Structures are given as C-alpha cells and as structure tokens.
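Below you'll find the structure, written out as structure tokens, and then a few comments.
Worth saying up front: this structure is predicted, and the values here are computed from it rather than measured. Residue numbers begin at 1 in each chain, while the letters A, B, ... track the order of the sequences. Hydrogens, waters and symmetry mates are skipped; everything else that's a heavy atom, side chains included, is used.
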There are 2 protein chains.
Amino acid sequence: MRAASDDPSVPRRSKTDVVDAAMTVLAENGLPGLSMRRIADVLDVQVSALYWHFPNKQALLAAVSARIVGQGSDAGEIAEAATALRDRLLAHRDGAEVVSSSLALGLLDLPARARLVEGALVAGLTDAAAHVAADTLVHYVIGFTFHEQQRMHAAVVGAANAAVDLSPERISDPGDDFAAGLALIVSGIRAAARTGS
Amino acid sequence: MRAASDDPSVPRRSKTDVVDAAMTVLAENGLPGLSMRRIADVLDVQVSALYWHFPNKQALLAAVSARIVGQGSDAGEIAEAATALRDRLLAHRDGAEVVSSSLALGLLDLPARARLVEGALVAGLTDAAAHVAADTLVHYVIGFTFHEQQRMHAAVVGAANAAVDLSPERISDPGDDFAAGLALIVSGIRAAARTGS
DNA sequence: ACCTGAACACCGTTCAAGT
DNA sequence: ACCTGAACACCGTTCAAGT
C-alpha cells in the first residue's frame, strides 16, 4: 500500500504546473529574475527536469505569454480590444516584454489580433488594410505598455530620482496618454475606411 | 626613449573605442552575443577594464543605442522622420531591440522624437497632442522594426521552416507594410488637426 | 588614469543514469 | 514517463593590486 505521491504510474508534474511556477517567479522577481533554476526551486525539482516538459526556455516563455494574453473573448469595438490587451499585459509584471519577445519569435498566437482584424473589417477596411491596422495597433499597445512597465520598475529602483522626474507640471496619467494615442490610430482607421482603401 | 604605446601619460582606450568594439561584436554576433567578454576580446583587454569606462552593461548599451540612432538631422515631414528612424534601426543588427530597451530605461534621448513633435505641431496639433503623436509613432516604428528584425534572424536559423512560411500567396514586402501602417497613423494625426484638438 | 588577475554568484543546456 | 546529479561553457560585476 503506497501513497499516490509514491506511485510511479501517476504523472508528477505537468506542463501546467511548470507554467504555474514560472508565473509565480515572474510575479516575484520580474523577467530578469525568471531563471530556469528559480522555476525548478519553486517546483522542488532539479533544473534539468524542466527540459523534459519544454525543449528550451523560449518555449516555456511562450507558454507563459499565452497565459498572460489569455484566450480571445467575444468580439467588440477596436478600441475595446486594444484596451483589453493592454489590461492583460499590465496585469502581469513585465507582461509586455515577455509577450513582445514571444510574439517576435513567432512563438505566440495573439487572440486579440483576430478581434482587431474583425473590428477593422467591420469599420469598413479591406482585408489587407485590416491586417495592417491590426498589426499597427498591436505594435502600439505592446510598445507603449512595455515602456510604461519598464519605467514603473525604474521608479521603484531609483526612488531618489523619481522625485525629480515627477515634477507636478509634467505629471500625466499613462492611461490617458495610452487612450489618446489609441484614439489617434483609430481615427486613422476611420479615415482609411472613408477613403475606401 | 619609449614608444607612445608604452607611455603611461597617454590614454590607451577611450569610451569611443569601447563603443566601436561593441558595434563590431553586435554586427557579428547580434544582441544575444554582445557580451562584455567579447567586447573586451576585441579590445585585447580584460573584462574588468570595461568597467573603468562604463559603470555597467546597460550604460554601454545606451551609448551603442545613441550611436545607432545618430544625431538629429534637419526637420522635415512626419513620415520622413519616422522612415529615417526605421532606416537607422535597420542598418544595425538587432538595432530596434537595443534601442528599445535603452529608451524604455530612460537612458537614451531620441533625436527623431523632437523632429516628430515638430512635424506634428506644423501639422496643426496642440502641444500635448503633438507629444502623444510623436510617442505613438516611436512605439510603432520600434515595434514594427523589432518584430521584423527578429523574424529575419529566425528565418536564417530555421531555414527549413522558411520555405513553408514564404508561401507565395502570403508574401508581402515589410517595407510596404511599414509604410501602410505609418500612413494610417499619419492620417489619424491629420484628422486630429482638423478637429482642432 | 587605466588596466590586470582572480574571484563571486550566477546563467541555459546536455546527458547518462536512475525509478 | 519523469526525474536526478553532474558537468560544460558561459554570464555580469567587484575589487585589490599593479603601472
């Protein structure tokens, strides 16, 4: 008679468990601290064990990225979809940077992109133009949020300089700035729809 | 009587020399291969010598980034300034990624940004809107080019998969796609100018 | 002023071997 | 199927010491 934890026929750790552990390490240490060894430590396992579940770190990061961006929700307006993506990135430490690299390496499917394409089509763009519009929005959302999250971290580390940077005259809500840039692109999309290209 | 190279009163290596060496390593090995040790090797120097010239790697990367983006050239149209920035990033291996991180860390002044703000003001935007427009364009240019450069590298490594990805029906010139996205944002800026906000 | 030499505390990845 | 233990070839950074 042996406990389930001793039974060799039962899986010990799944891919999901590994990603769970990675999310924990990411939340606590950020992307620079997200090492294979730290993930292994959380799982109480040797580093090499991780390589049974994932071929390399990039593949694991792609799974983490997929967790961050979630599944696609229902269709909606363009601005809504872009804002929803931004919120998911903001919800995880260094979320934008993690997603950015997985996306650039072609290792991540971004559900939000499909929603953006759909929204652009509804707005009246051609197929080709809708894809261009979606990519433009994706680059903007990720670029803006990446920049914002890096500055948040820098503000924590260099708290001394923060007082200088945050001179009251220059203060501006990043959320407002994000919305303003987004509005700029959306109005460009509407203009393109009118032109009929 | 001793040679100049033996004279301790003459500087041996300057910050410029270190950045030169870093540019060489970047060109040959890309950002992942841009290590302090490799830079030191090019200079025929110990790694620790680099820390007399720069306090850390990030500061060195900021100097490399400044070299990549160059000094600001004369004013011009918005689309020209954005395209000029993109060309500078494309001219160096992993240029967009290097610049992106320096910029996010607040370690780099982007001369192109001033030109973009100027162009937006000329187009008729308010001061605040011009800054938003410039940042939106910067995020787009860097995001697009980063994505493009990563895929170029991936295409070299995974040359086998490249044949699959490049199915003739889906082929599209990245330069054309860049211009199309840029036009979208520029037309959004023109629309904002008309609205008078 | 500019650099050496050595060390410290890490990395990602591989691989034979165990159960 | 899932993991251990040990090794390999690297990292960035620090610091006393040299010239």
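Closest approach of B/Met36 and B/Leu50 over heavy atoms only: O-CD1, 3.2 Å. Between A/Ala84 and A/Arg115 the shortest heavy-atom distance is CB-NH1, 4.4 Å. Of all non-hydrogen atoms in B/Asp94 and B/Gln149, the two that sit nearest each other are C-OE1, 3.6 Å.
For A/Glu118, there are no side-chain hydrogen bond (donor to acceptor under 3.5 Å, both in side chains) partners at least two apart in sequence or on another chain. Applying the side-chain hydrogen bond (donor to acceptor under 3.5 Å, both in side chains) test to A/Asn56 and every residue at least two apart in sequence or in another chain returns nothing.
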Original post:
So what is the 5' to 3' dot-bracket string for DNA chain C, if pairs are Watson-Crick or G-U wobble with both distances under 3.5 Å, crossing pairs use [ ] and | means the partner sits on another strand?
Top reply: ||.|||||...|||||.||
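For DNA chain D, no neighbouring residue in residues 17-24 of chain B is found when judged by any heavy atom under 4.0 Å.
A side chain to side chain contact (heavy atoms under 4.5 Å, CB included) with B/Val99 is found for exactly one of B/Val69, B/Val64, B/Leu61, namely B/Val69.
Rounded to whole Å, the distance from CH2 on B/Trp52 to C1' on C/dC2 is 6 Å. When rounded to the nearest whole Å, the span between NZ of A/Lys15 and C1' of D/dC2 equals 14 Å.
In this structure, the ring of B/His147 has its center less than 6.0 angstrom from the ring center of A/His139.
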Original post:
If the sugar-phosphate is the primed atoms plus P, OP1 and OP2 and the base is the rest, what is the B/S/- string for nucleotides 4-14 of chain C, using protein heavy atoms under 4.0 Å?
Top reply: BB-----BBBB
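Around the CZ atom of B/Arg67, the shell of radius 6.0 Å holds more than 12 heavy atoms that belong to other residues, nucleotides or ligands.
In this structure, A/Arg86 is positioned above the aromatic face of A/Phe178, its NZ or CZ under 6.0 Å from the six-membered ring centre and within 45° of the axis.
Comparing C/dC10 with D/dA9, their P atoms sit 22 Å apart, to the nearest whole Å. Spacing of C1' atoms, C/dC2 relative to D/dA17, comes out at 13 Å, to the nearest Å.
For D/dC3, one of the phosphate oxygens OP1 or OP2 lies less than 4.0 angstrom from a side-chain nitrogen or oxygen of A/His53.
Using modelled atom types, one side-chain atom of B/Ser101 and one backbone atom of B/Val98 make a donor-acceptor pair closer than 3.5 Å.
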Pairs of donor and acceptor atoms involving the side chains of residues 179-189 of chain B, under 3.5 Å and at least two apart or interchain, shall be tabulated with distances.
{"unit_1": "B/Ser187", "atom_1": "OG", "unit_2": "A/Gly188", "atom_2": "O", "d": "3.4"}
{"unit_1": "B/Ser187", "atom_1": "OG", "unit_2": "B/Leu184", "atom_2": "O", "d": "3.3"}

